[in-house]
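To keep things clear, I will list the structure first and then write my remarks on it.
Every chain is numbered from 1, with letters handed out A, B, ... down the list of sequences.
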Number of protein chains: 2
Amino acid sequence: MNRFGEMHCSIAQAVGVVAEPWTPLILRDLFLGLRRFDQLSEDLGISRNLLTQRLDRLQAAGVVEKVAYQRRPVRYEYHLTEAGRDIVPALITLMAWGDRWSTPPGGPPALLIHSCGEQFTPTVTCPHCGGPAGADTITMVAGPGAAQGPGTMVLAKPGQ
Amino acid sequence: MNRFGEMHCSIAQAVGVVAEPWTPLILRDLFLGLRRFDQLSEDLGISRNLLTQRLDRLQAAGVVEKVAYQRRPVRYEYHLTEAGRDIVPALITLMAWGDRWSTPPGGPPALLIHSCGEQFTPTVTCPHCGGPAGADTITMVAGPGAAQGPGTMVLAKPGQ
DNA sequence: ATAGTCAGTTGATAAAGTGAACCCTTGATA
DNA sequence: TATCAAGGGTTCACTTTATCAACTGACTAT
């Protein structure tokens with residue numbers, strides 16, 4: 001766990017696990033179906049020792065699992081766990097932001113197809129009313145676990 | 001622009017801008033209403049030279065703008081631009097993930113209230129059918145701007 | 001005159017990341 | 001029996017980033 005993981009903030013928690021350099025791209029590749037160390041290494045161009053370290057940390061965080069796919073010699077591949085698959089909505093939301101604000105020449109490199117059959121841009125919504133949830137439609141308030149500490153100046157009440 | 005910004009992948013684009021260490025937390029604080037250099041520095045505990053550099057990069061990326069709020073002496077504060085406010089859905093999706101998978105003792109540090117009046121957990125959906133968009137309900141396919149290069153092994157067609 | 005505020009800059013030290021080469025187990029080939 | 005190749009790493013020298021503390025500069029308030 002790094003220093004972000006110690007902050008009393010769920011964004012910092014998430015960032016501490018999945019926003020280290022390269023990690024979001026490792027997760028994307030695992031989602032897209034790459035499984036093997038050498039595939040990830042080749043696709044991303046990340047140095048191999050760092051890939052080892054990242055996969056270890058993701059495994060420790062319960063986001064990725066290492067599975068032996070053969071014996072003699074033992075060889076492993078990496079899969080997303082449930083927690084890992086659950087990060088996909090955040091990844092595609094980031095992807096939509098990237099498409100919108102750094103328009104690549106020639107159009108978006110990738111598109112999303114929903115199980116309903118439509119190509120779509122993911123939208124973050126409130127499950128009660130179905131309306132969009134964005135900077136203009138939400139308010140963040142202190143929750144039951146609010147505490148003082150780094151990164152909590154706004155929400156934590158003094159003296160708590 | 002760092003090496004992620006050069007990849008032909010919208011996730012890498014977004015990561016290159018908003019997933020450098022500390023940056024998501026800077027954006028969160030700006031969304032929550034912190035504006036001034038010293039407030040950010042104190043709240044986060046980030047070193048001041050790195051905060052300077054991060055704000056410069058965010059400004060260059062068009063995510064943050066620097067506004068003089070007084071003359072004599074000139075003093076600046078930082079605001080989210082439209083692109084910056086548009087990253088909020090991704091931030092709260094990450095926050096929901098953090099709440100779900102690293103349950104903090106005492107409950108979540110922060111809660112979200114939607115403009116409809118309800119406290120909610122953000123959901124990523126397909127705008128056509130309204131259904132949830134997650135690892136099990138989406139497919140990623142090559143888009144018009146697909147190209148070969150680092151991080152594109154799965155989607156880009158060989159020979160393109 | 002002295003102290004304090006704000007928004008940084010400077011510089012020494014420590015931590016992370018890079019790139020290339022090497023290692024180990026094993027199956028296949030010469 | 002070499003020896004080659006595949007897969008999944010580890011080691012090491014080097015470069016880049018980050019941290020921490022102190023300092024600067026332009027002012028205002030006392």
Q: Measure from CZ on Arg71(B) to P on dC6(C) and round the result to the nearest Å.
A: 19 Å

Q. Taking only side-chain nitrogens and oxygens of Tyr69(B), does any of them come within less than 4.0 Å of OP1 or OP2 of dA7(C)?
A. yes

Q) Could you state the CD-P distance from Glu77(B) to dT5(C), rounded to the nearest angstrom? A) 19 Å

Q. On DNA chain D, which is the earliest and which the latest nucleotide, 5' to 3', with an atom closer than 4.0 Å to a heavy atom of chain B?
A. dA18(D) to dT28(D)

**Q.** Under 3.5 Å donor-acceptor, Trp97(A) side chain and Ala83(B) backbone
**A.** yes

Q: Starting from the first five and the last five pairs of the helix from dA1(C)-dT30(D) to dA30(C)-dT1(D), work out the angle between the resulting helix axes, to 10 degrees.
A: 10°

Q. Could you give the CD-to-P distance, from Gln39(B) to dA7(C), as a whole number of Å?
A. 8 Å

**Q.** Non-neighbouring partners of Arg57(B) that pass salt bridge (charged side-chain N to carboxylate O under 4.0 Å, His left out), sequence neighbours left out
**A.** Glu20(B)

Q: Not counting sequence neighbours, list each pair that qualifies as a salt bridge (charged side-chain N to carboxylate O under 4.0 Å, His left out) and has a residue in residues 100-126 of chain A.
A: Arg100(A)-Glu82(B), Arg100(A)-Asp86(B)

Q) Cluster partners of Val74(B), using ILVMFWY side-chain heavy atoms under 4.5 angstrom, listed by chain and number? A) Tyr76(B)

Q.
Just to be sure I understand the rule, does Arg72(B) reach a base, reach only the sugar-phosphate, or reach nothing, if contact means heavy atoms closer than 4.0 Å?
A. sugar-phosphate

Q.
Distance check, rounded to the nearest 0.5 Å: Leu55(A) atom CG versus Ile46(A) atom CD1?
A. 8.0 Å

Table please: side-chain donor-acceptor pairs of residues 33-45 of chain A below 3.5 Å, with sequence neighbours left out.
residue: Arg35(A); atom: NH2; partner: Leu30(A); partner atom: O; Å: 3.4
residue: Arg36(A); atom: NE; partner: Tyr69(A); partner atom: OH; Å: 3.1
residue: Asp38(A); atom: OD1; partner: Arg48(A); partner atom: NH2; Å: 3.1
residue: Gln39(A); atom: OE1; partner: Arg35(A); partner atom: N; Å: 3.1
residue: Gln39(A); atom: OE1; partner: Arg36(A); partner atom: N; Å: 3.0
residue: Ser41(A); atom: OG; partner: Arg48(A); partner atom: NH1; Å: 3.4
residue: Asp43(A); atom: OD1; partner: Thr152(B); partner atom: N; Å: 3.0
residue: Asp43(A); atom: OD1; partner: Met153(B); partner atom: N; Å: 2.6

Q | Per-nucleotide protein contact string for nucleotides 8-21 of chain C, where B marks a base within reach and S marks sugar-phosphate only (heavy atoms under 4.0 Å, - for neither) | A | BBBB-----SBB--

Q.
Once salt bridge (charged side-chain N to carboxylate O under 4.0 Å, His left out) is applied, what residue pairs with a partner in residues 62-75 of chain B remain, sequence neighbours excluded?
A. none

Q. In chain order, what residues pass the side chain to side chain contact (heavy atoms under 4.5 Å, CB included) check against Thr123(B), with sequence neighbours excluded?
A. Thr125(A), Pro127(A), Thr125(B)

Identify all side-chain donor-acceptor contacts of residues 107-115 of chain A below 3.5 Å with residues at least two apart in sequence or on another chain.
residue: His114(A); atom: ND1; partner: Cys116(A); partner atom: N; Å: 3.2
residue: His114(A); atom: NE2; partner: Pro132(B); partner atom: O; Å: 2.8

Q) With Ala135(A), which residues qualify under side chain to side chain contact (heavy atoms under 4.5 Å, CB included), at least two apart? A) Phe31(B), Arg85(B), Val88(B)

Under 3.5 Å, side-chain donor or acceptor atoms of residues 2-12 of chain B against the rest of the protein: list the pairs with distances, not counting sequence neighbours.
residue: Asn2(B); atom: OD1; partner: Phe4(B); partner atom: N; Å: 3.1
residue: Asn2(B); atom: OD1; partner: Gly5(B); partner atom: N; Å: 3.2
residue: Asn2(B); atom: ND2; partner: Gly16(B); partner atom: O; Å: 3.1
residue: Ser10(B); atom: OG; partner: Asp99(A); partner atom: OD1; Å: 2.3

